[in-house]
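Written below as structure tokens is the structure these notes are about.
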Number of protein chains: 2
Amino acid sequence: MPLPQDDGPMRPTVAKMVHQTLDEMTPTERRIAHILLASYPMVGLETVAAFAERARTSGPSILRFITKVGFKSYAAFQRALREELKERLESPLARYDGVMASDTPLPDDSGRDTLARFGDALAANIRRAFDTLSRDEYEAVIALLTDSKHALHILGGRFSRTTASYLHMYLRELRPIVHLIDGPTSTWPDQRLDVSKHDTLIVYDFRRYQPDVIRFAEQMARQGVTLVLITDIWNSQITAHAHHVLSVPVEVPSAFDSGVAGLAMTEALVAGVVDRLGSRGKRRIERLEKLRTASGEE
Amino acid sequence: MPLPQDDGPMRPTVAKMVHQTLDEMTPTERRIAHILLASYPMVGLETVAAFAERARTSGPSILRFITKVGFKSYAAFQRALREELKERLESPLARYDGVMASDTPLPDDSGRDTLARFGDALAANIRRAFDTLSRDEYEAVIALLTDSKHALHILGGRFSRTTASYLHMYLRELRPIVHLIDGPTSTWPDQRLDVSKHDTLIVYDFRRYQPDVIRFAEQMARQGVTLVLITDIWNSQITAHAHHVLSVPVEVPSAFDSGVAGLAMTEALVAGVVDRLGSRGKRRIERLEKLRTASGEE
DNA sequence: AGCTTTTCGTAATGTACGATACAGGAAGAA
DNA sequence: TTCTTCCTGTATCGTACATTACGAAAAGCT
């Protein structure tokens, strides 16, 4: 069981290593370096042959280049590139200092405490959620949410109900006919009466997918309702019936799954709705404000 | 000179292809999918053997997975991933072209779409929340939460109630006597009867600090209750009476404040409680599981 | 020019890797 | 139970790949 290799404290980026070796290189090696840095680091992840072709040179020249830069093998070189890439994908701030040959060190997690790591995991989850989210899918869901002609129903499981409720409260501010399906399961059949076939149902279904939630969603789907599913990457069975799926990571160093990315996605949806509604939504909110202060509530 | 092969107009992302195939997959394949998506797309760039090991499975299973997703070979799969990655890396740098020659000192986000920026803001909020959190304060709150001798009460505002409810549900799994103060404000005085002076009250109070929440918290504090406040950095008036304050950033590029960091902090608390309780908490959860399956519920 | 040194590609080699065939075994049906 | 089907890992194979050896060509030096 190989532990994730620790390449010692703070190795320099490959780009930097290349820069430092640059003046003791032969002409073709210089060309290779240039090709690598220009498409950094993609070409380095391909095979030696492909790399060579792009640099209009031969395999051995690539290998000599690699060893001169300081790697024991081409495999080691690729491993280093992947490591780098991984960090860069996870921390948007350190995005390009590799190529810039800047000396800002990459964040090094090893010294941080569990709390900080927990935070990092959450941040990474959010990042990943938005990275893997298809923009088309997102836009399509926003379109459904802003369509005030048809009713909107929201359903959540035991824990995800809180997130469902969150979405419900915000959407209620922004548009008419938003309905949260809540209360004990036994009352759900009644609530089904209010759902017509042109409506949309947003379902939150996360690990420990609840049979009652699944059943309800499937029945709705059969009834012709448009189904939007927000789930973890394991994906509930509902995926099969859903018209749109937004999946988010839930894993954190903890006994329980995290709902943070799910909430993040939910807020992104709300933000998207606000955006799309424009002044129309704004006016609605203002009207609501007035009503609230008038009634002296809160 | 081989042209860069064009795989037709706008092929879907690998992630999406995986999602679409997900429901016709076997358990092992699902696990593979999960591993891939969780570290997206880094494991996919490694060798089949490395990928297999990370997914605790065998090489052939990886290959079956790859073909089921829709790739002719592992090489084709990797090529697709690289293409994707390339686009993702290039888009924020479009204006950045002559990287080395450019004199712009720092890369910024202006090239990315609003969704990505939104995600960045959320991730940054979480990081800041944990960076500025005092470890002592955190530990002290955990101590209060794990103290099962005294009752615990949880209170939230209009929106933060969902987070309060989230905390409530998890803590209920982990310890006895946890009580969520909910329902309309008018019923709160009644619920106050259940609160004794050695209890702890967790209050969520965010911008648009609600008078009723503030009033309730203050009364409790006068009654001798230990007060824990979770709030945004602007801090509610309750700060004055609180024994412990955990503040989190709420700002995002959107019309509304974000509750994500608040939820993150909440989950960190739950994780801390689990940690502190150790096997004791574990046993309690197992007992609960049994009860639940026994009663046939969900 | 002729000799030496450096540079670089061709060709050969060994191996690590992806691919495949197959069988043990679990899960489900009859 | 027994039979069937579907999973999934082990063992094997063939090949594409990184790597090495070698020699031709270029560059540098006297």
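Fair warning: this is a prediction, and the values are worked out from it, not measured in the lab. Numbers restart at 1 for each chain; the letters A, B, ... are given by sequence-line order, proteins then strands.
To the nearest angstrom, P of D:dT19 lies 9 Å from CD of A:Q78. A straight line from CD of A:E24 to P of C:dT7 spans 11 Å, rounded to a whole angstrom. With rounding to whole Å, A:I62 atom CD1 is found 12 Å from D:dA18 atom C1'. In this structure, the CE atom of B:M25 is 12 Å from the P atom of D:dT8, given to the nearest Å. As rounded to whole Å, 8 Å separates atom P of C:dT20 from atom CG of B:L63.
Taking the ring pair (Phe, Tyr, Trp, His ring centres under 6.0 Å) definition, one finds that A:H244 meets it with nothing, sequence neighbours left out. Annotation: ring pair (Phe, Tyr, Trp, His ring centres under 6.0 Å) contacts of B:Y170 (sequence neighbours excluded): A:F159, A:F256, B:Y166. Residues meeting the side chain to side chain contact (heavy atoms under 4.5 Å, CB included) test with B:S58, sequence neighbours left out: B:P60, B:S61. Partners of A:A50 under the side chain to side chain contact (heavy atoms under 4.5 Å, CB included) rule, at least two apart in sequence or in another chain, are A:E46, A:T47.
In this structure, A:R64 does not pair ionically with A:E29, as no charged nitrogen and carboxylate oxygen lie closer than 4.0 Å. The pair A:R158-B:E173 meets the salt-bridge criterion, since a charged nitrogen lies less than 4.0 angstrom from a carboxylate oxygen.
Looking at heavy-atom distances under 4.0 Å, B:A75 makes no contact with the nucleic acid at all.
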Check: protein-nucleotides 9-16 of chain C nitrogen or oxygen pairs below 3.5 Å:
{"residue": "C:dG9", "atom": "OP2", "partner": "A:T57", "partner atom": "OG1", "Å": "2.8"}
{"residue": "C:dG9", "atom": "OP2", "partner": "A:S58", "partner atom": "OG", "Å": "3.1"}
{"residue": "C:dG9", "atom": "OP2", "partner": "A:S61", "partner atom": "OG", "Å": "2.8"}
{"residue": "C:dG9", "atom": "N7", "partner": "A:R64", "partner atom": "NH2", "Å": "3.1"}
{"residue": "C:dG9", "atom": "O6", "partner": "A:R64", "partner atom": "NH1", "Å": "3.3"}

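Under the 30°/60° scheme for interplanar angles, the aromatic rings of A:F51 and A:F77 are found to lie parallel.
Applying a 4.0 Å cut-off to non-hydrogen atoms, none of the residues of residues 67-74 of chain A approaches DNA chain C.
Of the possible polar contacts, one joining the A:T231 side chain to the A:D205 backbone as a donor-acceptor pair under 3.5 Å is found.
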